[in-house]
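One structure is given below, encoded as structure tokens.
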There are 2 protein chains.
Amino acid sequence: MEKRKRTTIADIAKLAGVSKTTASMVLNGRASTFRIKEETRLRVLEVARENHYSPNVHAKSLQASRSDAIGLVIPDLTNFGFASIARELERLCRESGLQLLIACSEDDPAVEKKAVEGLVRRQVDALIVASSETGDEYYQSLTKQLPVIQLDRHIGQSVLPLVLTDAARATADLIESIAKEGLSEFYYFGGQLELSPSRHRLAGFELGLKRAGIETKPEWIRHRDYQTASGYLMMQSLHQDLGRLPQALFTASYTLLEGVLRYLKDHECLNALVDKEMRLATFDNHDLLDCLPLNIDSIAQNNQQLAKTCFELTLSLINEKSPAISSVVLDADIFWRSKK
Amino acid sequence: MEKRKRTTIADIAKLAGVSKTTASMVLNGRASTFRIKEETRLRVLEVARENHYSPNVHAKSLQASRSDAIGLVIPDLTNFGFASIARELERLCRESGLQLLIACSEDDPAVEKKAVEGLVRRQVDALIVASSETGDEYYQSLTKQLPVIQLDRHIGQSVLPLVLTDAARATADLIESIAKEGLSEFYYFGGQLELSPSRHRLAGFELGLKRAGIETKPEWIRHRDYQTASGYLMMQSLHQDLGRLPQALFTASYTLLEGVLRYLKDHECLNALVDKEMRLATFDNHDLLDCLPLNIDSIAQNNQQLAKTCFELTLSLINEKSPAISSVVLDADIFWRSKK
DNA sequence: ATGAAAGCGCTAACAA
DNA sequence: TTGTTAGCGCTTTCAT
């Protein structure tokens with residue numbers, strides 16, 4: 001594995017019998033601007049091709065103090081929603097000649113900080129964060145060095161640019177509609193209330209019940225974190241508390257739903273869903289829900305739109321065109337699987 | 001958004017009243033090696049902290065001609081298997097102070113080439129590829145510049161370092177066991193035969209049947225690509241061909257399984273699975289399969305092990321310690337859900 | 001129409 | 001024990 005020294009612009013210049021300047025101009029497609037002779041231009045291009053010349057981004061970044069890279073921090077790459085967003089952002093970056101640097105926080109503020117520091121040291125031109133922090137002091141101070149964009153999650157009351165989904169509205173609509181079918185109870189399993197999406201989802205849930213004329217009982221609302229295991233545990237304790245399955249349950253995330261399903265499967269209760277004796281709905285969508293006989297309604301964020309909006313906002317911040325709007329809230333969609 | 005000029009080592013040196021060299025030594029923790037006075041060391045460190053000094057990786061990379069970054073090319077970030085591998089590799093890199101650069105090929109050789117070129121321009125120290133190419137000429141030529149490791153997919157007959165799962169063995173065991181339950185037919189839906197995993201999975205399938213004393217009929221084997229839509233279409237045409245559901249079906253990927261399930265759901269045939277009138281098994285595992293009443297057996301790659309092995313191999317190649325072994329084949333696990 | 005030289009931030013010889 | 005200097009590959013004035 002002998003590492004061949006890469007060919008540099010100096011090599012090309014020498015081989016083509018021109019100066020570095022001329023070679024640089026030609027290779028950056030600005031030959032006409034500098035009225036380089038066509039013959040010279042072709043010669044340089046030819047030499048470059050023959051020698052597989054590829055510019056060194058570090059040299060370029062060093063001198064331009066730009067990296068043409070964007071940092072993305074998300075909790076977990078295997079979470080389908082974040083994976084979708086990451087995929088879309090990666091595609092947009094790739095097609096614009098940028099590189100997306102993805103780092104995971106594992107939903108741990110300490111890990112998140114480490115991850116961000118790594119990205120900042122790599123001089124990313126901007127930072128997109130789905131944060132697990134509750135305060136934005138750190139990001140606020142970072143913003144002096146580079147643009148920071150909040151994605152999917154609002155960090156405390158931060159006024160940094162923000163792109164997220166209006167979870168409350170779709171949740172309220174979904175809950176109201178189900179509740180009006182004539183329920184006398186509706187349980188809610190959620191994650192950490194410190195995270196902004198948790199609050200919005202819960203607010204939507206309570207609003208939906210209210211609109212359906214139902215008063216929320218405190219014992220209906222249960223919280224842990226977004227781990228699948230938490231969904232399992234909450235379902236277990238609910239089942240024990242009641243001595244039966246609940247009439248209806250809303251899980252605030254796909255991971256929690258999975259925990260609930262696992263419990264039901266382990267205890268051979270899935271039939272209650274098939275027969276619609278128990279109503280189950282969830283935030284977050286998953287393609288597989290379409291393929292199941294379980295009648296689980298869901299709320300889907302528009303991840304593609306989220307990514308696109310976020311990307312465009314990021315680009316405009318990088319170019320210091322202070323954009324018309326710096327915060328965008330998108331609608332979520334409801335996927336009905338219990339009806340019709 | 002006024003971009004503050006970042007503090008450099010020269011700033012630190014000046015503020016601390018020392019030379020750049022001294023500051024550099026101290027900041028790289030090599031003060032003792034150069035016998036820098038403790039007092040000086042502390043002063044430099046203090047100044048650096050006060051000014052939020054963070055070294056510029058581009059300058060460092062330029063001079064060291066290393067980037068402390070590793071490139072990863074996978075077909076799709078939302079594919080659960082690849083996402084798991086990416087997550088694990090990202091974690092390993094992060095904990096070693098490296099940055100993982102992830103790019104997607106969308107299973108298109110042209111896109112893949114573009115993606116790789118982008119990573120190479122960024123001077124990644126090594127490249128890990130789950131390729132959709134059928135020949136390795138390109139990667140073979142790249143290997144003169146940097147180590148290239150094949151992950152999960154064998155590129156043609158390439159002799160480049162390789163880490164993958166022995167799909168054939170587990171598949172054969174699974175198929176044999178199911179077939180011996182007394183089946184007279186067993187269908188197979190696969191993806192592009194040009195991709196090495198496809199061949200291994202099919203070989204395992206045929207071996208399994210053979211061991212069960214069943215002769216494979218050509219019409220049992222069907223191929224398209226790994227799109228979910230292809231699973232749907234293959235199921236549709238099979239259903240029409242037979243005028244009934246098959247006794248047993250093996251899908252060579254999770255995406256194909258999803259297409260099959262979607263077809264069955266659309267045509268209200270899922271009960272056949274619940275009642276075990278139709279046997280369904282798949283390559284690739286998914287947590288949700290544990291939560292369903294569908295009795296779908298699956299084969300799981302050990303993604304964590306795959307990532308770990310690949311990472312270690314990569315590190316040793318970067319350090320030019322030619323490793324003892326340059327190819328690793330790992331076992332897959334069978335998850336039974338139809339038995340017991 | 002082309003070239004020489006400086007400088008981006010950093011490390012490593014080599015001096016002192 | 002610390003400082004001076006050159007050079008990594010590139011772009012960009014400023015000359016010519």
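Letters go in sequence order (proteins before strands), and every chain restarts at 1.
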Rounding to a whole Å, what distance do you find between [X]:[atom1] and [N]:[atom2]?
X: A/Arg43; N: C/dA1; atom1: CZ; atom2: C1'; result: 12 Å
X: A/Arg122; N: C/dC10; atom1: CZ; atom2: P; result: 15 Å
X: B/Lys14; N: C/dC10; atom1: NZ; atom2: P; result: 14 Å
X: A/Asn56; N: C/dG9; atom1: CG; atom2: P; result: 16 Å
X: B/Leu27; N: C/dT11; atom1: CG; atom2: P; result: 8 Å
X: B/Ile12; N: C/dC10; atom1: CD1; atom2: C1'; result: 13 Å
X: A/His58; N: D/dC10; atom1: NE2; atom2: P; result: 12 Å
X: B/Arg41; N: D/dT2; atom1: CZ; atom2: C1'; result: 16 Å

Can you build the contact string for nucleotides 11-16 of chain D? Use B for base contact, S for sugar-phosphate-only contact, and - for no protein heavy atom under 4.0 Å. BB----
Pairing donors with acceptors under 3.5 angstrom, does anything connect the side chains of [X] and [Y]?
X: A/Thr78; Y: B/Arg87; answer: yes
X: B/Thr22; Y: B/Ser19; answer: yes
X: A/Gln123; Y: A/Ser67; answer: no
X: A/Thr134; Y: A/Glu194; answer: no
X: B/Gln304; Y: B/Ser84; answer: no

Assign each of B/Val18 and B/Ala64 the nucleotide of DNA chain D bearing its closest heavy atom; nearer the 5' end lies the nucleotide of B/Val18
To 10°, what angle do the rotation axes through the five end pairs on each side of the helix from C/dA1-D/dT16 to C/dA16-D/dT1 form? 50°
Closer than 4.0 Å, any side-chain N/O of [X] to the OP1 or OP2 of [N]?
X: A/Thr22; N: C/dG3; value: yes
X: B/Thr40; N: D/dT1; value: no
X: B/Ser19; N: D/dG3; value: yes

NA contact type, A/Ser61, heavy-atom cut-off 4.0 Å: base, sugar-phosphate, or nothing?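 Answer is nothing: A/Ser61 stays at 4.0 Å or more from every strand.
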Touch class at under 4.0 angstrom, heavy-atom based, for B/Ser65 against every strand present: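 It contacts nothing in the nucleic acid.
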I want to verify a distance call: between C/dG3, D/dT2, D/dG9, whose nearest atom is closest to the A/Ala59 side chain? D/dG9
Between C/dC8, C/dT2, C/dC10, which one does the side chain of A/Leu62 approach most closely?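 Nearest nucleotide to the side chain: C/dC8.
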May I ask you to decide whether B/Glu88 forms a salt bridge with B/Arg91, counting only side-chain N to carboxylate O separations under 4.0 Å?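 Salt bridge flag = yes for B/Arg91 with B/Glu88.
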Determine, for A/Lys308 against A/Glu312, whether the closest basic-nitrogen to carboxylate-oxygen distance falls under 4.0 angstrom.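 Yes, this pair counts.
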Do B/Val129 and B/Arg153 come within less than 4.5 Å of each other through their side chains, counting heavy atoms only? no
Do A/Ile128 and A/Cys310 make a side-chain contact, defined as non-hydrogen atoms from C-beta onward lying under 4.5 Å apart? yes
Begin from the C-alpha positions of A/Gln157 and A/Asp136 and carry the test side-chain hydrogen bond (donor to acceptor under 3.5 Å, both in side chains) through to its verdict. CA-CA 8 Å; A/Gln157 301 297 311; A/Asp136 78 335; over 6 Å; no
